[in-house]
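The structure appears right after this line, and notes come after that.
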2 protein chains.
Amino acid sequence: MEVINIETFQRFFHQLVLLYRPFENRLNTELSKHQLYRAQWSIMYYMYNDGSVTLVELSHYLGVEKPTVTRTIAKLEEMGYLEPVPTKDKREKRMQLTSAGRKVYQEVRATIDEFEQEILEGISEEEQLEGIRLMSLIRKNLMQGEF
Amino acid sequence: MEVINIETFQRFFHQLVLLYRPFENRLNTELSKHQLYRAQWSIMYYMYNDGSVTLVELSHYLGVEKPTVTRTIAKLEEMGYLEPVPTKDKREKRMQLTSAGRKVYQEVRATIDEFEQEILEGISEEEQLEGIRLMSLIRKNLMQGEF
DNA sequence: AGTAATAGTTATCAAGAGTAACTAATTATG
DNA sequence: CATAATTAGTTACTCTTGATAACTATTACT
C-alpha cells in the first residue's frame, strides 16, 4: 500500500473545480434548447425519479437554502411543469411533475443522454460506477453535520 | 465485460452536480477565513504552480470568458497578491504572484489541505488517482472543439 | 394553553459568469 | 510597406443561482 501523497489531495479537488465549469456550461447549452436552467433541471430530475416532494426535502437533497428552492419551484410551476399535491400538514408545499412536466423531462433527457454519452467516451461502465461511488462517498463526508 | 447501462450515465453527472454544491460551500467557508473566494483561489493556485500567466491563458485553463478573468485579476491585484510582469507584446497582461501573494497562498493551502484530507477520509490514494484520471478525461472530452 | 419547532415566503444582497461592443497592439497579406 | 485581419484585454450591462435576515402560518411538545 502506498503512502498518501499530499499532492494527490490538491490535485483531486482542483480537478473537480476544473471539470465542473465546462460541464455546467455544456449542460446549460443543452438545457437552453428547452428553455431550462441547471437548477430547474435538477429539481425535475429528482421529482421524476422520486415522485412528489416537499421544498424542505429538495433543500436537503440539493444542499441549498429554502428561499432558493422556493424561487425555482415557483418558476417551474409558472411554466406549467409542476403542480401542488394536497397534504394533511398545511405548512407543507408538496409538489409533483404535471404531465407537461413529465413530457418535457423525457425530451430533455434524450438530449442530455446523448451529450453525456459523448463526453463519457472511452470510460468503461465499471470506471463510471467507481466514480459515482467516490463522489457519493465524498458528498457524505462533506454533508457530515449539515442538516 | 458488462453492457453500458443508460442509468449509469444519468447517475454519474447527477452525482457530480450533487457533489459540487456542498464542496464549493465548504471551500468558500475555508477561503473566507482569508477573505478569498473560489474564483480568486483557482487563479492563485494556477499561478503558484505555473508561474506567470496571461489573462488568455487563464481564460482557457479555467474555461471562463475574458471579462470574468479581467475582473478577478483586478481584484487580486488590488489586494496586493498579484503584480504585472513586463512583456514584449504590449497587448498582453502577464501576471505573477507577489511575495505577499505567495505567503497567503501557503497559509490558505494549509487550511485547504486539512479540509480536503478530512473529506477524502476512507478513500485510498489509488482511488483518488483513478478519480483524477477520470475527471481529466471527461474534461478533455468536454473541451473538445472549444477554444 | 402556551411555547417550540417546522415549512415556507419575501426582500435584499453578492458572487460569478456571459454577451456585445469597444480599443490597442501585433500579424498576415496583397 | 500599407492596410486588413487577428489577438489581448477592457467596459458596460445582464442573468442565474445562491445566501441571510426577518417574517407568517401551522403543527408538535410539555
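In what follows, every chain begins at residue 1, and chains take the letters A, B, ... in the order their sequences are listed. The basis for the numbers below is simple: all heavy atoms, side chains too, and nothing from hydrogens, waters or symmetry mates.
- If A:K90 and A:T68 are placed on DNA chain D by their nearest nucleotide, the residue sitting closer to the 5' end is A:T68.
- For the pair A:E57 CD and C:dG8 P, the computed distance is 8 Å after rounding to whole Å.
- For C:dA7, neither phosphate oxygen OP1 nor OP2 lies less than 4.0 angstrom from any side-chain nitrogen or oxygen of A:T54.
- Looking at B:I138 and B:L16, their side chains never come closer than 4.5 Å, going by heavy atoms from C-beta outward.
- Across the strands present, C:dT12 finds its partner in D:dA19; the criterion is a Watson-Crick or G-U wobble pair with both atom distances under 3.5 angstrom.
- Judged by distance alone, with hydrogens and angles left aside, B:R71 brings a side-chain donor or acceptor within reach of the base of C:dA17, the pair sitting under 3.5 Å.
- A syn base is found at C:dA4: its glycosidic angle is within 90° of 0.
- Nucleic acid contact for A:K88: sugar-phosphate only, since backbone atoms but no base atoms lie under 4.0 Å from a heavy atom of the residue.
- The side chain of A:P67 sits closest to D:dA21 out of D:dA21, D:dT10, C:dG18.
- When both distances must be under 3.5 Å, the Watson-Crick or G-U wobble mate of D:dT27 does not exist.
- When each of C:dA7, C:dG18, D:dA19 is scored by its nearest atom to the side-chain atoms of A:N25, the top-ranked nucleotide is C:dG18.
- OP1 or OP2 of C:dA17 sits under 4.0 Å from a side-chain N or O of A:R21.
- Listed pair B:R94 / D:dG9 fails the phosphate criterion, with no side-chain N or O lying under 4.0 Å from OP1 or OP2.
- Ring geometry, B:Y105 versus B:Y45: the interplanar angle falls from 30° to 60°, so the pair is classed tilted.
- Between A:T70 and C:dT9 there is a side-chain N or O to OP1 or OP2 distance below 4.0 Å.
- Between the side chain of B:K93 and the base of D:dG9, no donor-acceptor pair of N or O atoms lies under 3.5 Å.
- Here D:dT16 is the nucleotide among C:dG8, D:dT16, D:dT11 with the atom lying nearest to any side-chain atom of A:Y37.
- Looking at heavy atoms from C-beta onward, B:M79 lies in side-chain contact with B:L36 at the 4.5 angstrom threshold.
- A donor and an acceptor atom, one from each side chain of B:T68 and B:E65, are nowhere located under 3.5 Å apart.
- Counting heavy atoms from C-beta outward, B:V64 and A:N25 have side chains that stay 4.5 Å or more apart.
- Closest to the A:R91 side chain, of the nucleotides D:dG18, D:dT10, D:dT27, is D:dT27.
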